[in-house]
Amino acid sequence: MSSPRPQRLVFFTGAGMSAESGVPTFRGKGGIWKEYDYERYACQPAFETNPEAVWEFHNYRRQLVSACAPHDGHRVIRAAEQQLEHVTVVTQNIDGMHQLAGSEAVLELHGSLWRLRCEACGATHEGRESPLSSLTCDCGAYWRPAIVWFGDALDTATIQASAEAIGQCDCLVSIGTSAVVYPAAQLPLLAERNGARLIEINPEPTPMSDAYHEHMRGPASEMLAQLAARWDIEL
Ligand code: OAD
């Protein structure tokens with residue numbers, strides 16, 4: 001049976017959203033941080049000490065993600081974006097999978113695996129070349145992945161736009177996040193101020209589960225298919 005569609009909907013996604021695409025999550029079984037020490041591969045001091053090692057890790061991730069494709073859950077989100085008035089995707093993911101599925105209104109809280117910046121001359125570069133053939137910018141300095149690493153601050157404009165979309169929504173659907181990384185983890189709570197309905201999609205409970213009105217305990221693709229049916233979203 002269908003229910004009224006949200007007027008302003010936010011999808012708030014984490015690594016579990018991409019799990020069915022074959023992208024490993026960060027925590028839990030097979031999690032990236034179980035295998036790789038972020039202090040060696042994913043923080044500014046590591047980049048300054050050993051950029052080659054940091055790049056080896058990021059090139060490995062670029063290749064891994066290149067071999068993955070969006071799944072039906074990403075397509076539900078894309079279809080919602082096309083068929084509902086106001087839909088925003090706020091993601092912690094850096095894999096670009098929502099964009100690959102066609103989503104346009106995507107706010108990337110933690111940056112992107114596919115964007116680079118040069119901290120010496122300010123140049124930027126975007127592309128899905130995997131592995132990256134030249135690790136250096138024309139000026140000779142190493143490219144730096146435009147990712148929010150451990151210890152980095154989030155981009156102010158992105159966090160403001162995310163807070164605004166969440167603060168104004170009447171429904172927020174959180175999908176596949178362990179809700180342990182701040183400040184991202186607390187952003188969904190801004191939706192409460194507006195009296196929005198909070199739905200959590202995750203096979204497991206999280207430290208934020210109590211803040212949600214509805215828990216859909218299953219994989220993203222199946223649970224999003226249920227929401228598509230509930231809101232009469234055509235696929
Ligand atoms: P985590 O790896 O911490 O959590 C993934 C969550 O997805 C867990 O709660 C799982 O239960 C859930 N999950 C697994 N498979 C799922 C499926 N098929 N459908 C739905 N949910 C599923 O990932 P994040 O919460 O995204 O930061 O991690 C937050 C940040 O920590 C990441 O953005 C990353 C990491 O360090 C950066 O890369 C900067």
Side-chain angles (χ1 to χ4, degrees), residues 11-47 54 57-58 60-62 64-65 68-77 89-98 101 106-117 144-155 158-159 162 172-189 199-212 214-228:
F11 291 104
F12 180 82
T13 67
M17 179 71 218
S18 298
E20 291 164 86
S21 292
V23 183
T25 58
F26 292 97
R27 298 169 186 81
K29 197 163 164 267
I32 287 172
W33 302 141
K34 281 225 157 78
E35 216 175 316
Y36 294 91
D37 179 0
Y38 76 82
E39 289 182 329
R40 288 185 64 192
Y41 301 111
C43 63
Q44 188 67 22
F47 181 67
V54 169
F57 171 68
H58 284 83
Y60 158 73
R61 296 208 58 209
R62 282 168 82 106
L64 193 147
V65 174
C68 300
H71 58 73
D72 286 347
H74 292 104
R75 286 185 272 278
V76 168
I77 291 176
V89 180
V90 178
T91 189
Q92 296 166 82
N93 297 343
I94 57 172
D95 57 24
M97 213 55 84
H98 288 296
V106 184
L107 296 167
E108 294 176 307
L109 286 172
H110 292 162
S112 170
L113 198 47
W114 312 113
R115 276 196 305 276
L116 312 172
R117 64 170 188 258
R144 194 247 202 238
I147 293 173
V148 178
W149 283 330
F150 287 90
D152 290 349
L154 273 65
D155 175 65
T158 308
I159 201 154
S162 303
L172 178 138
V173 183
S174 161
I175 309 163
T177 177
S178 59
V180 294
V181 174
Y182 284 78
Q186 71 196 11
L187 274 177
L189 302 182
I199 303 174
E200 179 180 63
I201 296 180
N202 197 315
E204 309 284 337
T206 74
M208 287 288 174
S209 290
D210 285 351
Y212 287 79
E214 181 179 349
H215 307 98
M216 300 178 79
R217 298 268 172 249
S221 61
E222 267 177 52
M223 300 301 107
L224 281 162
Q226 287 182 20
L227 287 183

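Here the structure is a predicted model, which means the values were calculated and not measured. For ligands, and for the atoms within them, numbers begin at 1 and follow the listed sequence. What's counted below: heavy atoms across the whole structure, side chains too, no hydrogens, waters or symmetry copies.
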Indicate yes or no: does an N/O atom of [X] lie under 3.5 Å from an N/O atom of ligand 1?
X: Val180; answer: no
X: Gly176; answer: yes
X: Asn93; answer: no
X: Gln92; answer: yes
X: Ile201; answer: no
X: Thr206; answer: no

Can you check which of [options] brings a heavy atom nearest to [atom]?
atom: atom 13 (N) of ligand 1; options: Pro207, Gly16, Pro219; answer: Gly16
atom: atom 11 (O) of ligand 1; options: Ile147, Thr13, Asn202; answer: Asn202
atom: atom 20 (C) of ligand 1; options: Gly73, Ala179, Pro203; answer: Pro203
atom: atom 4 (O) of ligand 1; options: Ala185, Ser178, Gly30, Pro205; answer: Ser178

**Asked** Only one of Thr25, Ile77, Thr177 clears side-chain contact (heavy atoms from CB on, under 4.5 Å) with Met17; which?
**Response**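 Of the listed residues Thr25, Ile77, Thr177, the side-chain contact (heavy atoms from CB on, under 4.5 Å) partner of Met17 is Ile77.
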Would you say the side-chain atoms of [X] pair up with the backbone N or O of [Y], donor to acceptor, closer than 3.5 Å?
X: Arg144; Y: Leu116; result: no
X: Ser21; Y: Val23; result: no
X: Asn93; Y: Asp95; result: no
X: His215; Y: Ser209; result: yes
X: Gln44; Y: Gly151; result: no
X: Arg217; Y: Glu204; result: yes

Which of the numbered atoms in ligand 1 are under 4.0 angstrom from any heavy atom belonging to [X]?
X: Ala19; answer: 15 (N)
X: Phe150; answer: 36 (O)
X: Gly14; answer: 26 (O)
X: Glu204; answer: 11 (O)
X: Val148; answer: 39 (C)

**Asked** Looking at atom 33 (O) of ligand 1, what's its closest protein heavy atom, distance included?
**Response**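 So the nearest neighbour among protein heavy atoms is His110 ND1, 2.8 Å.
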Do [X] and [Y] come close enough that some side-chain heavy atom pair is under 4.5 Å?
X: Phe57; Y: Ile32; value: yes
X: Pro45; Y: Glu39; value: no
X: Arg27; Y: Val181; value: yes
X: Ile175; Y: Leu224; value: yes

Can you tell which part of [X] has a heavy atom less than 4.0 Å from ligand 1: side chain, backbone, both or neither?
X: Glu20; result: side chain
X: Trp149; result: neither
X: Tyr38; result: neither
X: Val181; result: side chain

